[in-house]
Participant: 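If you scroll down you'll find the structure; I have some questions about it.
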There are 2 protein chains.
Amino acid sequence: MGANPQAMVFEPIRTRRAFEEICDRIRGQLENGALKPGDKLPPERELARQLGVGRSALREALRSLEIAGIVRLQKGVKGGAFIREGDPSGMAQVVQDQLHLGSITVEELTEARVHLLDLVVRLACERATKSDLEALRKNIERTAEMTRANRYLERVECSREFYALLGAATHNQVLALLVEAVTEILMKFVRLRVAAGGKPQPRLVEKRTRIVELLKARDADRTAHAMRAHLQSVHGLLQEGLRLKQGSSQKA
Amino acid sequence: MGANPQAMVFEPIRTRRAFEEICDRIRGQLENGALKPGDKLPPERELARQLGVGRSALREALRSLEIAGIVRLQKGVKGGAFIREGDPSGMAQVVQDQLHLGSITVEELTEARVHLLDLVVRLACERATKSDLEALRKNIERTAEMTRANRYLERVECSREFYALLGAATHNQVLALLVEAVTEILMKFVRLRVAAGGKPQPRLVEKRTRIVELLKARDADRTAHAMRAHLQSVHGLLQEGLRLKQGSSQKA
DNA sequence: CCACTATAATTGGTCTGACCATTAATTGCA
DNA sequence: TGCAATTAATGGTCAGACCAATTATAGTGG
């Protein structure tokens, strides 16, 4: 065999499963515009009949699309499968899963975050609008309130939002998305630390205030420098906590 | 209302669905190390019995985990649900879905790619090993062969691999992953262009060769500059093609 | 003894039909 | 009118059956 000089790649023919075919059709209708965010798919029983498949196959397809962030399933009359607006938050789960599969490490994650945010603040220096800066200012204000009230878990939420706002200030939703994904995972570690009674990071509000001021002054180099210093101190705090946990279950 | 000063956030209690509970349990076993890549879950019927749920609920859970890239399902005796090694390629699908949902645009994607690769090549300049550079050299060699043989689809595959190798040369799997995700989507557009008979990009091999040479010389600034110029010319070619397609279905 | 083929056993994939749970509209009663 | 009970629509789950793919095993012929 193999006499044919053509590219005999022969993809392993994974027998096409029904739910995959269904997913592809719905994705196709998204690509060609037949389906748009807000649209509602027919009820499961009806759609299954139209597609000539059983309800179980259709449900696995809908479940897949739900996990992928494409549809939102809602129960009750007037419920159904609705095409979602863009909500890229699902990516954080994907990255986080890979973290637990050992494919990536926390060190790689924090390093990627440092570099990403270096890039992001430089772009934000060029593009941040007044409303972007105002949102950041309000966020820091709320962070200060939470700090004074010792509401540390809510302060973590403020932190997550702070980085999301920075991402938004680049006016590039892809970069914003990437920043949110890596931030979300780090925040999970921070929450663990807070729940365990770890000391909150000192001078957080002051450091963020300075970063936003530099941002407002459009001073990219100094902003990036301040951000990098801040992230590395965060990294240091987390490393402390991680060393403790890893000591107990470390083996190979 | 709101008399309670406590944080009355009251998350909307989405009635916990069975498959979600199952997913969380399996994810939990991943986190605490009870499950590791390569492990096999019990057969569906058996696992459903153990968990006290029906087979359909369990299957929706397994389907979700499969879409998330956590397990791989295999038929036949000796088949089953296997915990996957880290395979972060699923992220590309997530990003691509968001693209079709209109959440992000091709412009944002290409811009993010330019900035990401700027960062990546600078890191790669510091960290690329001999074997990284050797892999890049071999990749370019193969790209040249495909170019001479007019095997353009395979040349696209070489391109995808080229950027994956660049990502790998950073020795940070998170950054590598992000690069692969955005690259994979752009490649889809390139493949469309190739299939439509678009002219292949000229001097591709020469440009990549120069980039790798600069990389080998550890000249971060020049490498980044060459990369940026290259990516922007790619962007220009794609923009041509996109303008044609958008003209036909543009409305609002 | 070896190589090939037919059979069986295991396991995921799908179908059918039923019932449960939630939601919103409708009806009925005060 | 206003509120409570009923009803209808729809996703969520269960149960059991059968289909399809894959591997092990037995059988068969050389």
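In what follows, chains carry the letters A, B, and so on, assigned in the order in which the sequence lines appear, proteins first and then strands, with residues in each chain numbered from 1.
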Participant: Please report, rounded to the nearest Å, how far the P atom of C:dC15 is from the CZ atom of A:R49.
Facilitator: 15 Å
Participant: Quick one: salt bridge (charged side-chain N to carboxylate O under 4.0 Å, His left out) pairs with a partner in residues 162-188 of chain B, sequence neighbours left out?
Facilitator: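 Every salt bridge (charged side-chain N to carboxylate O under 4.0 Å, His left out) pair that includes a residue of residues 162-188 of chain B, provided the two are not neighbours, is B:E184-B:R191.
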Participant: Rounded to the nearest angstrom, tell me the gap between atom CG in A:L51 and atom P in C:dT14.
Facilitator: 13 Å
Participant: Give the rounded distance in Å between these two atoms: CZ of B:F19 and P of D:dC14.
Facilitator: 13 Å
Participant: Ignoring hydrogens and angles, state whether a donor on the side chain of A:T147 or A:R155 is under 3.5 Å from an acceptor on the partner side chain.
Facilitator: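 There is such a pair between these side chains.
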Participant: Give me the residues of residues 66-84 of chain A where at least one heavy atom lies under 4.0 Å from an atom of DNA chain C, by number, or none.
Facilitator: A:K75, A:G76, A:V77
Participant: Just to verify, what does B:R72 make a salt bridge (Lys or Arg N to Asp or Glu O under 4.0 Å) with, not counting sequence neighbours?
Facilitator: none
Participant: Looking only at side-chain N and O atoms, does A:R63 come under 4.0 Å of OP1 or OP2 in D:dG12?
Facilitator: yes
Participant: Measure the distance from CZ on A:R45 to P on C:dC19 and round it to the nearest whole Å.
Facilitator: 13 Å
Participant: Excluding sequence neighbours, so at least two apart, what forms salt bridge (Lys or Arg N to Asp or Glu O under 4.0 Å) with B:R63?
Facilitator: A:E60, B:E66
Participant: Is there a donor in the side chain of B:N172 and an acceptor in the side chain of A:E108, or the other way round, less than 3.5 Å apart?
Facilitator: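 On atom types as modelled, these side chains do not qualify, holding no pair under 3.5 Å.
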Participant: Using a cut-off of 6.0 Å, state whether more than 12 heavy atoms not belonging to B:K78 lie near its atom NZ.
Facilitator: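 It does not: B:K78 NZ has 12 such atoms or fewer within range.
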Participant: Please name all residues satisfying side-chain hydrogen bond (donor to acceptor under 3.5 Å, both in side chains) with A:E21, sequence neighbours left out, ordered by chain then number.
Facilitator: A:R16
Participant: Which residues within residues 54-62 of chain B lie with some heavy atom under 4.0 Å of an atom in DNA chain C?
Facilitator: B:R55, B:R59
Participant: Grab the CZ-C1' distance between B:R16 and C:dA21 for me, whole Å please.
Facilitator: 17 Å
Participant: In a check of side-chain contact (heavy atoms from CB on, under 4.5 Å) between B:L62 and each of B:I67, B:I22, B:I70, B:L41, which one passes?
Facilitator: B:L41
Participant: When the distance from CD of B:E44 to C1' of D:dA17 is rounded to whole Å, what number comes out?
Facilitator: 15 Å
Participant: Can you check the A:R17 CZ to C:dT11 P distance for me, whole Å?
Facilitator: 18 Å
Participant: Does atom NZ of A:K36 have more than 12 heavy-atom neighbours from other groups under 6.0 Å away?
Facilitator: no
